Amino acid sequence: MEWNEVLVQRLDAPLRAWFAEQSLWEGIVIEPVWQETRKEFEGELTLVLFGLAKVAGVKPDLLSGMLGPLWSSLTLENGEPLIRSANQVGGFLNLGLSLAYWRQRWAKGYSLSNQSFDPVQGNAECGIRSKIVLEYSSPNTNKPLHLGHVRNHLLGDSMYRILSCLGHEIIRVQVINDRGIHICKSMLAWQKFGEGSDPMGSNMKGDHFVGEYYVLYEKAYQAQVKERIASGLTREEAESSAPILQEARTMLQQWEQGDETVVNLWKKMNAWVYEGFEATYERLGIGFDRNYYESQTYLLGKNLVEQGLAQGVFRRDDQGAVWADLQDIGLDSKILLRSDGTSVYITQDLGTAEQRQKDWGFDRMIYTVADEQNYHFKVLFAILGKLGFDWASRCHHLSYGMVDLPSGTMKSREGKVVDADDLINEVQALAEAKMVESEKLQAIAAEERRELALQIGLAALKFYILKVDPAKRMTFNPEDSLDMHGHTGPFVQYAHARIASMLARVPVQEKALAESWTLDQGRSWLPAELDLIRQFSQFEPSVNLAAEQYNPAHVADFAYGLATAFNRFYHDCPVLQESQVETRKFRIALCNQTRLLLHDSLDLLGIKAPNRM
RNA sequence: GAUCCCGUAGCUCAAUGGAUAGAGCAACUGCCUUCUAAGCAGUAGGUUACUGGUUCGACCCCAGUCGGGAUCACCA
């Protein structure tokens, strides 16, 4: 309901006060509903009258008439009027804010780098200026990163940027799943088929190299399964008894026992993978403050189970397995230790959470993990709560939907995946091809052009993914993701580049003058000008909403809306060619402010804002 | 079987319980001698899966039906 500060401080409170003063409605408390005025009506803010009229027992028309004097009585600190116009349309009262208001509001500046950026405090859970552990990425080390990881990376990175700009201290972490049967499969295949080769010699990225062996393992395994089915076994028997799987299991045991040969091979192959991952992260522009390795954390959590047993919140069954009973909160019972005393996945997660609390003393923790694990996190947080950790209620699962291809679900087993590196190369190549085509950028040096192409290609990719509500499953259409027209990242970048190139022509003295623009000049603002100014005021609310809902799409929406408003302005209003000096100054100031906000909002999405394109 | 999520234009996505459900892509029509046409302006496209209910008002809340996905392992 907090559309922005103007509501809360300048309209909502006076309205409530006015209402309370009317003897007619003694004791009646109102909940005004405000919203942005729809484009086709005069005004910027709308008060919805239906509810108020009902509570007050009068018709909207009458209420609207009664409110007239209130609006004209509202003034700014300097005595200038706050409200420019008030029009009732049906059950809606559309208020236009005075130019004086907009000027004063704008004078504070809208920008992240501006000291006055002081977001409205979010909901209680969000708190302000808290220390937050933010987990994202968390790959397995047996194969390269794919599109699913990319959605995760982009969401995590953008939330990092958004929460940081609101003053939170963010610790970015990833869990690297570096141990387990999956990596043993790659290791085994390399031993069998690798003949001592390495990524360098094969001219491959390390993660792709290791991934190849995972695929080779799967092929060999499938062949064995087929063979065994042919010799009379059921599929299930054949699958569980295939010799190569047995070998992989043996290798895992050897690893757990610290077998030197196996551990060395494991270290070598993981190192290859990390090198590959780093390269991908680097190109995507994302990073981490701390890596947690599963090989170092997978034994954590057992002490917590003991603690829980002692507290009486867990129970041990006849076979010796330990359970957390969650039926009181509508969940099932969850096993925490097998009857042989070994731990399961969630045991490790409990331990890791505690470890992070010890490491960082965080106020909040966010896990960026796909929605197939919704239930898992419900259970995890519930158990942490039962163990008595007060921070359990401040853990949040940033859940996001799977990425589908137009042909259906991605299936890594069947090789139906979009590889992250391929994808990045593709968007870059397309952007570069487009630049070569265009006359504008022919003179640019090849190296610079490649870098610019990467910035533009990534803008297309990132915006395409981030503009979708994380909670929703999305379809990734490769063709659409490469689009650079319309509702896309390059569209926003383009508006920024246009401004940059225009401002580069403004003489330095005039730039300084433009900072002290006035705009009275005896005329009102043109629609395109006012639209831009309205858009500016949406920046802070958008960022806050994105933070509260863990949804960068609100920032993407803002960036797109601002770019659209600017393009209209650019089309309708001359800037450098405007002869009237005050108007020219004012428009330069508008451009400058727009440029700052386009830059900032793109930055929050992890997108670069080049000065030319 | 139980629980959870989703269903909006041909396609991809928007829409704190509020106005005539909005954008982009694709299609069609205009606009580069003018600050970058990766742009602007316009046309066309909808029984918001279906049936009821609550409400002054429902894409949104409730119940049910149909369709899609996920989860519920002494797997990770």
Side-chain angles (χ1 to χ4, degrees), chain A residues 1-3 33-35 37-41 46 48-51 53-54 60 89-92 94 140 177 180-182 294 298 317 319-323 330-332 334-346 348-349 370-376 378-379 399 401-402 404 406 409 431 434-435 438-441 456 460 464 467-469 471-477 479-481 483-495 497-506 545 549 553 557 560-561 563-564 566-568 570-578 587 591 612-613:
Chain A
M1 99 98 175
E2 291 176 6
W3 186 74
V33 176
W34 296 93
Q35 60 192 353
T37 302
R38 294 179 71 108
K39 264 289 169 73
E40 56 269 37
F41 300 104
T46 293
V48 181
L49 296 172
F50 296 108
K54 193 180 179 194
V89 182
F92 300 88
N94 301 324
N140 289 354
N177 299 303
I181 193 76
H182 55 267
E294 197 196 3
Y298 80 109
D317 72 10
Q319 279 82 45
V322 178
W323 296 81
L331 303 172
D332 293 329
K334 181 76 194 173
I335 192 157
L336 300 175
L337 282 184
R338 298 189 185 99
S339 39
D340 65 2
T342 56
S343 47
V344 293
Y345 185 59
I346 200 162
Q348 180 189 152
D349 268 3
D371 62 6
E372 59 192 353
Q373 294 201 39
N374 283 354
Y375 183 77
H376 172 76
K378 250 190 216 175
V379 170
S399 168
M402 295 287 176
D404 292 325
T409 319
K434 206 161 166 107
M435 288 165 67
S438 128
E439 291 163 21
K440 290 178 276 185
L441 297 161
I456 296 168
Y464 181 82
K467 73 179 178 184
V468 181
D469 181 349
K472 292 192 177 168
R473 236 182 141 84
M474 67 175 287
T475 302
F476 184 89
N477 184 325
E479 212 172 300
D480 290 354
S481 73
D483 197 354
M484 307 200 178
H485 301 272
H487 197 179
T488 67
F491 172 95
V492 181
Q493 286 180 315
Y494 186 65
R498 278 174 141 182
I499 300 171
S501 110
M502 200 161 50
L503 292 180
R505 301 179 188 211
V506 177
L545 194 61
Q549 300 186 350
D557 268 354
Y560 178 68
T564 303
F566 174 76
N567 283 335
R568 203 161 36 234
Y570 185 82
H571 182 267
D572 293 354
C573 307
V575 180
L576 302 180
Q577 284 156 4
E578 170 61 43
R587 288 185 180 161
C591 288
R612 57 170 175 165
M613 58 189 286

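No experiment lies behind these values; they were computed from the predicted model shown. All chains are named by letter (A, B, ...) in the order of the sequence lines, taking the proteins before the strands, and each is independently numbered beginning at 1.
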Undergrad: From B:rU12, B:rC56, B:rC72, pick the nucleotide closest to the side chain of A:Phe50?
TA: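 Within the option list, the nearest is B:rC56.
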
Undergrad: Measuring from the side chain of A:Asp483 (C-beta onward, heavy atoms only), which nucleotide among B:rA37, B:rC25, B:rG24 has the closest atom?
TA: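 That would be B:rC25.
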
Undergrad: For the pair A:Lys467 (side chain) and A:His487 (backbone), establish whether a donor and an acceptor sit closer than 3.5 Å, ignoring hydrogens and angles.
TA: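 At least one qualifying donor-acceptor pair exists.
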
Undergrad: Between B:rU16 and B:rC32, how far is it from one C1' atom to the other, in whole Å?
TA: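 B:rU16 and B:rC32 have their C1' atoms separated by 43 Å.
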
Undergrad: Side chain to side chain contact (heavy atoms under 4.5 Å, CB included) between A:Val33 and A:Phe50: does it pass, once the steps are laid out?
TA: CA-CA 9 Å; A:Val33 176; A:Phe50 296 108; over 6 Å; no

Undergrad: Nearest of B:rC35, B:rC72, B:rA76 to any side-chain atom of A:Tyr570?
TA: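 Minimum distance to the A:Tyr570 side chain belongs to B:rC35.
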
Undergrad: Considering Watson-Crick and G-U wobble pairs with both distances under 3.5 Å, what does B:rA2 pair with?
TA: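 Looking at the geometry, B:rA2 pairs with B:rU71.
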
Undergrad: Please state whether the rings of A:Tyr464 and A:Phe476 are parallel, tilted or perpendicular, taking 30° and 60° as the class boundaries.
TA: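 Geometry flag for A:Phe476 against A:Tyr464: perpendicular rings.
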
Undergrad: Do the side chain of A:Thr488 and the base of B:rA38 come within less than 3.5 angstrom through a donor-acceptor pair of N or O atoms?
TA: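 Answer is no: no donor-acceptor pair is held.
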
Undergrad: Closest approach to the side chain of A:Lys54, judged atom by atom: which nucleotide of B:rC56, B:rC74, B:rC72 is it?
TA: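 Shortest atom-to-atom distance from the side chain points to B:rC56.
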
Undergrad: From the options B:rU16, B:rC74, B:rG39, select the nucleotide whose nearest atom is closest to the side chain of A:His485.
TA: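 Out of B:rU16, B:rC74, B:rG39, the nucleotide with an atom closest to A:His485's side chain is B:rG39.
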
Undergrad: Considering only side-chain heavy atoms of A:Ile456, which listed nucleotide, B:rA38, B:rG18, B:rC35, is closest?
TA: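 Side chain of A:Ile456 sits closest to B:rA38.
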
Undergrad: Which of these nucleotides, B:rA38, B:rA19, B:rA70, is closest to any side-chain atom of A:Glu372?
TA: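 Within the option list, the nearest is B:rA70.
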
Undergrad: Would A:Phe491 count as stacking on B:rA38 if stacking means ring centres less than 5.5 angstrom apart and planes tilted under 30 degrees?
TA: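 Stacking between A:Phe491 and B:rA38: absent.
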
Undergrad: In whole Å, what separates the P atom of B:rC60 from that of B:rA49?
TA: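 Those two atoms are separated by 8 Å.
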
Undergrad: Could you check which of B:rA38, B:rG22, B:rC74 has an atom nearest any side-chain atom of A:Trp323?
TA: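 Among B:rA38, B:rG22, B:rC74, the one nearest the side chain of A:Trp323 is B:rC74.
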
Undergrad: Is it true that, when you exclude A:Glu40 itself, more than 12 heavy atoms of the residues, nucleotides or ligands shown sit nearer than 6.0 Å to its CD?
TA: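 Counting other residues, nucleotides and ligands, CD of A:Glu40 exceeds 12 neighbours.
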
